[in-house]
Amino acid sequence: MSRWILHVDLDQFLAAAEILRHPELAGRPLVVGGTGAPGERTVVATASYEARAHGVTSGTPMRLARRRLPDAVFLPADKPYYESVSDDVMDTLRATGEPVEVIGWDEAWVGTDGDPRALAERIRHDVRSRTGLSCAVGIGDNTLKAKTATGFAKPGGIHELTARNWFATMGARPTDALPGLGAKTAAKLAELGITTVTELAESRPGVVAARLGPRMGPYYVSLARGMGRTELETGRYVPRSRSRETTFAEDITDQDVLRAEIVELAHRVAEDVAFEDRDVARVGAKVRTTGFHTRTRSAPIELPGRDGHAIAAIATTLLDELAPTRPVRLLGVRAEFVEA
DNA sequence: TCTGGGGTCCTAGGACCC
DNA sequence: TCTGGGGTCCTAGGACCC
């Protein structure tokens with residue numbers, strides 16, 4: 001358990017990583033995402049601040065981004081490269097000697113019993129000098145407050161949220177300002193007459209549970225009250241599943257093409273599984289048709305294993321069972337590992 | 001403006017069992 | 001015959017995150 005939790009969040013990570021190896025792109029609108037193929041049906045992964053100023057942000061459809069910013073630099077996402085840059089950042093954080101929990105490529109929590117401001121300054125300095133990247137640091141008395149604080153620190157600053165200023169800062173904000181509480185849940189809460197963080201914090205967990213579930217209801221109330229973890233998970237990440245999915249440039253109706261595609265996806269999943277060196281207990285298939293209607297189906301493997309043909313056979317059967325009747329825009333295959 | 005890919009965890013209903 | 005009350009497992013879908 002740590003007295004203080006710091007949340008470290010890299011600024012415009014993918015764009016910043018590209019600028020590291022293409023310094024001439026600094027200051028230009030830069031959009032990273034997809035494979036770079038023209039006309040592909042994908043979205044922006046990261047837009048530089050210059051691009052965001054023109055309304056292009058993470059999640060913007062790539063075709064719209066190209067229309068809005070015809071003169072921007074568009075780069076395909078280079079996952080292995082970002083992973084290696086991310087590893088350098090995480091190693092820099094671990095070099096502080098403090099416990100580190102990695103949340104994603106560009107985010108981590110760091111715990112400390114020492115001076116959190118001094119540590120935040122040191123992290124910003126070390127990350128910049130060792131990787132060339134800028135980051136924002138949120139300081140809190142738990143994980144939730146630290147992560148929430150980062151929102152006020154971006155870009156590149158430091159902000160502190162504790163029990164002392166939690167309600168003064170967050171109380172009047174809408175419930176979906178809380179990390180982990182999104183638009184759908186905010187809408188359901190609004191039906192209960194709960195629209196602000198303070199209102200959610202003061203509501204009875206049982207009332208919220210009746211609408212949002214026995215675990216999630218009380219959990220949302222605890223979020224509003226500023227509750228979070230003070231213990232970090234510093235161990236190696238053990239994945240529960242591996243999946244691959246593809247959105248086709250054009251919707252597919254041909255059954256033979258669909259079967260060939262799902263077999264291809266299954267074998268890619270099998271490669272990822274082999275890399276993990278663990279057995280698969282369950283295989284899932286996903287089909288998204290015109291209109292964004294998504295259906296999934298899954299089944300256990302009779303004898304848990306990692307054979308690509310076995311995974312492909314189940315995936316194909318699941319696809320047959322899903323029997324899409326409308327044109328298919330996406331196919332996916334997922335493998336669930338046996339419990340570690 | 002037709003809306004990625006890769007994950008995690010929770011919910012609810014039905015099956016099944018005692 | 002019109003009927004219980006737990007408990008657990010399985011499955012599809014939902015919500016959310018980066």
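Only a predicted model underlies this, so the values are computations on that prediction, with no experimental measurement involved. Proteins get letters first, then strands, A, B, ... in listed order; numbering begins at 1 in each.
Base pairing analysis places B/dC18 opposite C/dG5; the two distances defining the Watson-Crick or G-U wobble pair are each below 3.5 Å.
Between A/Leu64 and A/Arg268, the one whose closest nucleotide on DNA chain B sits nearer the 5' end is A/Leu64. Nearer to the 5' terminus of DNA chain B, by closest-nucleotide assignment, is the contact made by A/Glu40 (compared with the other of A/Glu245 and A/Glu40).
Between A/Ser243 and B/dG7, a side-chain N or O to OP1/OP2 separation shorter than 4.0 Å is present. Under 4.0 angstrom from either OP1 or OP2 of C/dA12 there lies no side-chain N or O belonging to A/Arg295. Residue A/Arg63 places none of its side-chain N or O atoms closer than 4.0 Å to OP1 or OP2 of B/dT1. Residue A/Tyr237 places at least one side-chain N or O under 4.0 Å from the OP1 or OP2 atom of B/dT8. One finds a side-chain N or O of A/Arg242 lying less than 4.0 angstrom from the OP1 or OP2 phosphate oxygen of B/dG7. Using a 4.0 Å cut-off, some side-chain N or O of A/Arg244 falls inside it from OP1 or OP2 of B/dG6. Taking 4.0 angstrom as the limit, A/Thr296 places a side-chain polar atom (N or O) nearer than this to OP1 or OP2 of C/dG13. Side-chain nitrogen and oxygen atoms of A/Lys188 include at least one within less than 4.0 Å of the OP1 or OP2 phosphate oxygen of C/dA15. Using a 4.0 Å cut-off, no side-chain N or O of A/Ser58 falls inside it from OP1 or OP2 of C/dC18. For B/dC2, the OP1/OP2 oxygens have a side-chain nitrogen or oxygen of A/Arg67 closer than 4.0 Å. Not one side-chain nitrogen or oxygen of A/Thr60 sits closer than 4.0 Å to the OP1 or OP2 atom of B/dT1. A close approach under 4.0 Å does not occur between any side-chain nitrogen or oxygen of A/Thr246 and OP1 or OP2 of B/dG5. Between A/Arg66 and the phosphate of B/dT1, there is no side-chain N or O to OP1/OP2 separation shorter than 4.0 Å. The phosphate of B/dT3 (OP1 or OP2) has a side-chain N or O of A/Arg329 nearer than 4.0 angstrom.
Atom-to-atom distance recorded for A/Arg306:CZ and A/Ile301:CD1 is 11.0 Å, nearest 0.5 angstrom.
Nucleic acid contact class of A/Gly34 (heavy atoms, under 4.0 Å, all strands): none. Nucleic acid contact class of A/Arg334 (heavy atoms, under 4.0 Å, all strands): none. Residue A/Ala183 is in sugar-phosphate contact alone, with no base atom involved, counting any heavy-atom pair closer than 4.0 Å across all strands shown. When heavy atoms are screened at a 4.0 angstrom cut-off, A/Lys147 is found touching the sugar-phosphate backbone but no base atom.
Taking syn as a glycosidic angle within 90° of 0, B/dC2 qualifies as syn.
Rounding to whole angstrom units, CD of residue A/Glu336 and P of C/dT11 are separated by 10 Å. One atom, NZ of A/Lys184, and another, P of B/dT11, lie 17 Å apart when rounded to the nearest Å. Distance, A/Glu83 CD to B/dG6 P: 12 Å, rounded to whole Å. Going from atom CD of A/Glu107 over to atom P of B/dT8 covers 16 Å, rounded to whole Å. Following rounding to the nearest Å, A/Leu223 (CG) and C/dA15 (C1') show an atom-to-atom distance of 13 Å. One interatomic measurement links the two molecules: CZ of A/Phe337 to P of B/dG6, which rounds to 14 Å at whole-angstrom precision. The CG-C1' distance, from A/Leu212 to B/dC9, rounds to 15 Å in whole Å. The interatomic distance linking A/Tyr219 (OH) with C/dC17 (P) rounds to 9 Å, in whole Å.
Using a cutoff of 4.0 Å between basic side-chain nitrogens and carboxylate oxygens, A/Arg94 and A/Asp91 are scored as salt-bridged. Ion pairing between a basic and an acidic side chain is recognised when a charged N comes within 4.0 Å of a carboxylate O; A/Arg229 and A/Glu101 show such pairing. Salt-bridge annotation for A/Asp126 and A/Arg130: absent, with no side-chain N of the basic residue lying under 4.0 Å from a carboxylate O of the acidic one.
At a cut-off of 3.5 Å, with distance as the only test, no side-chain donor of A/Ser241 or A/Arg334 sits close to an acceptor on the other residue. Residues A/Thr131 and A/Asp88 bring no donor and acceptor atom of their side chains to less than 3.5 Å of each other.
Distance from the side chain of A/Thr247 is smallest to B/dG5 among B/dG5, C/dC17, B/dC10. Residue A/Leu330 has its side chain nearest to B/dG5 when only B/dT8, B/dT11, B/dG5 are considered.
For A/Arg204, the CZ atom sits in a loose shell: 12 or fewer heavy atoms of surrounding residues, nucleotides or ligands are nearer than 6.0 Å.
Heavy-atom minimum distance, A/Lys147 versus A/Pro179: CE-CB, 4.0 Å.
Comparing B/dG14 with C/dG4, their P atoms sit 16 Å apart, to the nearest whole Å.
The side-chain ring of A/Trp105 is not stacked on the base of C/dC18, judged by centre separation under 5.5 angstrom and plane angle under 30 degrees.
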